Chemist: 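The following block contains the structure, expressed as structure tokens.
No experiment lies behind these values; they were computed from the predicted model shown.
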Amino acid sequence: MDLSDLAQVNFDALPYWEAAAKGDLVVARCTSCNEAHHYPRAVCPFCRAETIAFEPASGTGEIYSLAVTRIPDKPLRVVAYVTLAEGPTMMTRIIDAPEDVAIGDPVRVDFEPHPEGLTVPVFRLDRN
Amino acid sequence: MSAAYIMGAYEHPTRKAEGISVAQLHMQSAAGALADAGLTFDDVDGYFCAGDAPGLGPMSMLEYMNLDVHHFDSTDTGGSAYLVHVAHAAQAIASGKCSVALITLAGRPRAAGMKSAKMPLAPTPDTPFEAPYAPSVVEMYGMVAARHMYEFGTTSEQLAWIKVAASHHAQHNEHAMLRKVVTVEDVVNSPLVAAPLHRLDCCVVSDGGGALVMTSESVARSLARPLVKLRGAGEAVGHLNAGRVDLTTSAASVSGPRAFAEAGITPGDIKYASIYDSFTITVLVALEDLGFCEKGKGGAFVADGNLIAGEGKLPFNTDGGGLCNNHPANRGGMTKVIEAVRQLRGEAHSAVQVPNCDLALAHGTGGSLATRHGSATVILERL
Ligand SMILES: [Zn+2]
């Protein structure tokens, strides 16, 4: 089972992946309680209503935490949690990160095709 | 509720199980724990195992061991499952479902050539949102450590003290994989695996196994072993809270207080603690959440040898723990209970035995602290 199969099996979140494929980040928000959540579900994890809408996200956020792996002659590998301007915090990677990448750095979304079939949101620093 | 007792405990001595199958390791561990208790396979009427046991739930191992039990449970919360089993076995014994419960764990990731635990691609709803980023286990715990450092000023040197304490204990354990005493400098100068975690912040990869036998009070009193009673237990699952992520507080903040409330004691009463140590940061977060110190003060608490037997206020993992001794099946919960039982019986190595050890705690953190984890806490008393 590859990643794209997994997204099909868990089809609650398909609009998220369809938007990502077009280079857009969307956030799942409940129209009953107005809370945003991640990862997207068919049922609101806060008020349990089945009233989820996908809304365009600003694409901005800041690094909540990160782990940095340095391999000689390769770009930094940075796995991170990013807190979106819309509220939820999501797992991601920081691409093209400088040596001093840190918690609290502002970031902006970008997209990368994954070899197993999904286009996934990643982030790069947006310090200015 | 009538009481349940841990009357048999056995840690398999192997660290590389060449030529021994996983099922055989489970059964050898079971035989060891039953012999320790003075019981036989024919006495067992309850069986508990988790995902390291081959097959679906308890069925394959029951067939392999040719057991006929009245009660079974294969709750799996990763490495903490065996502490959950201790609590569930006690409940089953109290309600009369069984009177001799066997709990087993075993695995051979080292002999099988597996370098570290890898996240399986399971068809769960969370997987598509994590697997594309392929976080390693070290990276996940690295994120916990980085956030703890950011919020509370915790340092790599403070985390290193946890490994230093474990190594002081492991030097006395003939079976431990890493018996060399290390210094804070050794830890912080070891290679960074996923910053801020160094190689020596990580547990070992080992083969092995372990088993426990829990019995009713009447069976316990018929046996020749010291009475180790389960006095309190708590279990809780922590997760990402639908995007309201808090990496610095674990579900130990729920399982711990539940266990202490049931036991009717406080952290200050605990003479010895076994704390699951997949990484140094795993211990730090658990100590805070269990109430041994305030949230954010774990760094100061573990520093300067406070976890070293004979030196510090809270001797921990006196077998060397996962950081130095072993981590069978990449699941460290079973060995945490076993060392706590040794301490309560007065059967730990004389160099690390805590004097008059009448109350001990064992805590497990299974899964991943940085995503979903199961916390389980047990408080044990020597009568
Ligand atoms: Zn809602």
Side-chain angles (χ1 to χ4, degrees), chain A residues 1-14 16-17 20 27-28 30 35-42 44-46 63-70 76-84 86-93 102-104 112-122, chain B residues 116 119-154 156 159 191-199 201-202 237 239-249 279 281 285 368-372:
Chain A
M1 184 172 277
D2 71 9
L3 280 173
S4 143
D5 295 331
L6 283 176
Q8 294 293 333
V9 170
N10 298 287
F11 50 78
D12 292 26
L14 267 185
Y16 176 94
W17 296 114
V27 168
C30 172
E35 294 291 334
H37 69 268
H38 186 83
Y39 57 90
R41 299 127 153 103
C44 174
F46 301 116
I63 297 176
Y64 169 82
S65 197
L66 76 177
V68 180
T69 306
R70 293 177 174 86
L76 284 192
R77 172 174 157 81
V78 182
V79 171
Y81 277 104
V82 161
T83 303
L84 301 175
E86 289 74 20
T89 298
M90 60 180 282
M91 186 186 285
T92 186
R93 276 190 305 114
I103 292 174
E112 272 191 355
H114 193 281
E116 289 187 20
L118 289 178
T119 298
V120 300
V122 292
Chain B
S116 65
M119 192 161 78
L121 215 54
T124 56
D126 41 84
T127 305
F129 296 90
E130 295 166 10
Y133 308 111
S136 69
V137 182
V138 194
E139 286 173 326
M140 288 200 273
Y141 281 79
M143 288 194 283
V144 176
R147 187 69 197 184
H148 204 281
M149 290 173 170
Y150 176 83
E151 285 190 27
F152 305 115
T154 308
S156 291
L159 286 177
L192 280 165
V193 179
L197 293 182
H198 304 79
R199 180 177 293 162
D201 286 300
C202 306
V237 167
H239 50 66
L240 295 173
N241 294 307
R244 297 174 182 177
V245 175
D246 176 3
L247 291 186
T248 61
T249 299
F279 299 91
I281 185 64
V285 169
S368 171
L369 264 192
T371 57
R372 290 152 301 283

Chemist: Only counting residues at least two apart or in another chain, list the ones meeting salt bridge (Lys or Arg N to Asp or Glu O under 4.0 Å) with Glu86(A).
Modeler: none
Chemist: Where does Pro115(A) contact chain B at under 4.5 Å (heavy atoms): side chain, backbone, both or neither?
Modeler: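 Contact with chain B: none, neither part.
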Chemist: For Val138(B), which atoms come within 4.5 Å of any heavy atom of chain A: side chain, backbone, both, or neither?
Modeler: neither
Chemist: So do Leu240(B) and Met91(A) actually touch side chain to side chain, heavy atoms under 4.5 Å?
Modeler: no
Chemist: Rounded at 0.5 Å granularity, tell me how far CD1 in Ile103(A) sits from CE in Met143(B).
Modeler: 10.5 Å
Chemist: Please verify the inter-ring angle class for Phe129(B) with His38(A); under 30° counts as parallel, over 60° as perpendicular, anything in between as tilted.
Modeler: perpendicular
Chemist: Find the distance between CZ (Arg41(A)) and CG (Asp126(B)) and round it off to the nearest 0.5 Å.
Modeler: 8.5 Å
Chemist: Side chain from CB out, backbone as N, CA, C, O: work out which of these in Leu197(B) comes under 4.5 Å of a heavy atom of chain A, or both, or neither.
Modeler: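 For Leu197(B), neither part sits under 4.5 Å from chain A.
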Chemist: Give, for atom OG1 of Thr124(B) and atom CG of Leu6(A), the distance between the pair rounded to the nearest 0.5 Å.
Modeler: 7.5 Å
Chemist: Using heavy-atom distances under 4.5 Å, tell me whether Glu116(A) contacts chain B through its side chain, its backbone, both, or neither.
Modeler: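 When you check distances to chain B, only side chain atoms of Glu116(A) fall under 4.5 Å.
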Chemist: Whether Arg244(B) engages the ring of Phe46(A) as a cation-pi pair (distance to the six-membered ring centre under 6.0 angstrom, angle to the ring normal within 45°) should be assessed.
Modeler: yes
Chemist: Among Tyr141(B), Tyr133(B), Tyr150(B), which residue forms the greatest number of heavy-atom pairs with chain A at distances under 4.5 Å?
Modeler: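 Option with the greatest count: Tyr133(B).
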Chemist: For Arg199(B), is the CZ atom crowded, meaning more than 12 foreign heavy atoms sit under 6.0 Å from it?
Modeler: no
Chemist: With a 3.5 Å distance limit and no angle check, can you tell me whether Tyr39(A) reaches the backbone of Pro128(B) through a side-chain donor-acceptor pair?
Modeler: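 Not a single qualifying donor-acceptor pair exists.
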Chemist: I'd like to know which of Leu66(A), Asp5(A), Val9(A), Leu118(A) tops the heavy-atom pair count under 4.5 Å against chain B.
Modeler: Leu66(A)
Chemist: Only pairs of heavy atoms separated by less than 4.5 Å count here; which of Gly87(A), Pro40(A), Ala102(A) has the most with chain B?
Modeler: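 If we count pairs closer than 4.5 Å to chain B, Pro40(A) comes out on top.
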Chemist: If you compare all heavy atoms of Leu3(A) against all heavy atoms of Ala131(B), which two are closest, and at what distance to 0.1 Å?
Modeler: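 Of all heavy-atom pairs spanning Leu3(A) and Ala131(B), the closest is CD2-CB, 3.9 Å.
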Chemist: How close do Tyr64(A) and Thr248(B) get, counting heavy atoms only, and between which atoms?
Modeler: OH-N, 4.5 Å
Chemist: I'd like to check the side chain to side chain contact (heavy atoms under 4.5 Å, CB included) partners of Thr249(B); sequence neighbours left out, ordered by chain and number.
Modeler: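 Only Asp246(B), Ser253(B), Asp289(B), Lys295(B) meet the side chain to side chain contact (heavy atoms under 4.5 Å, CB included) criterion with Thr249(B).
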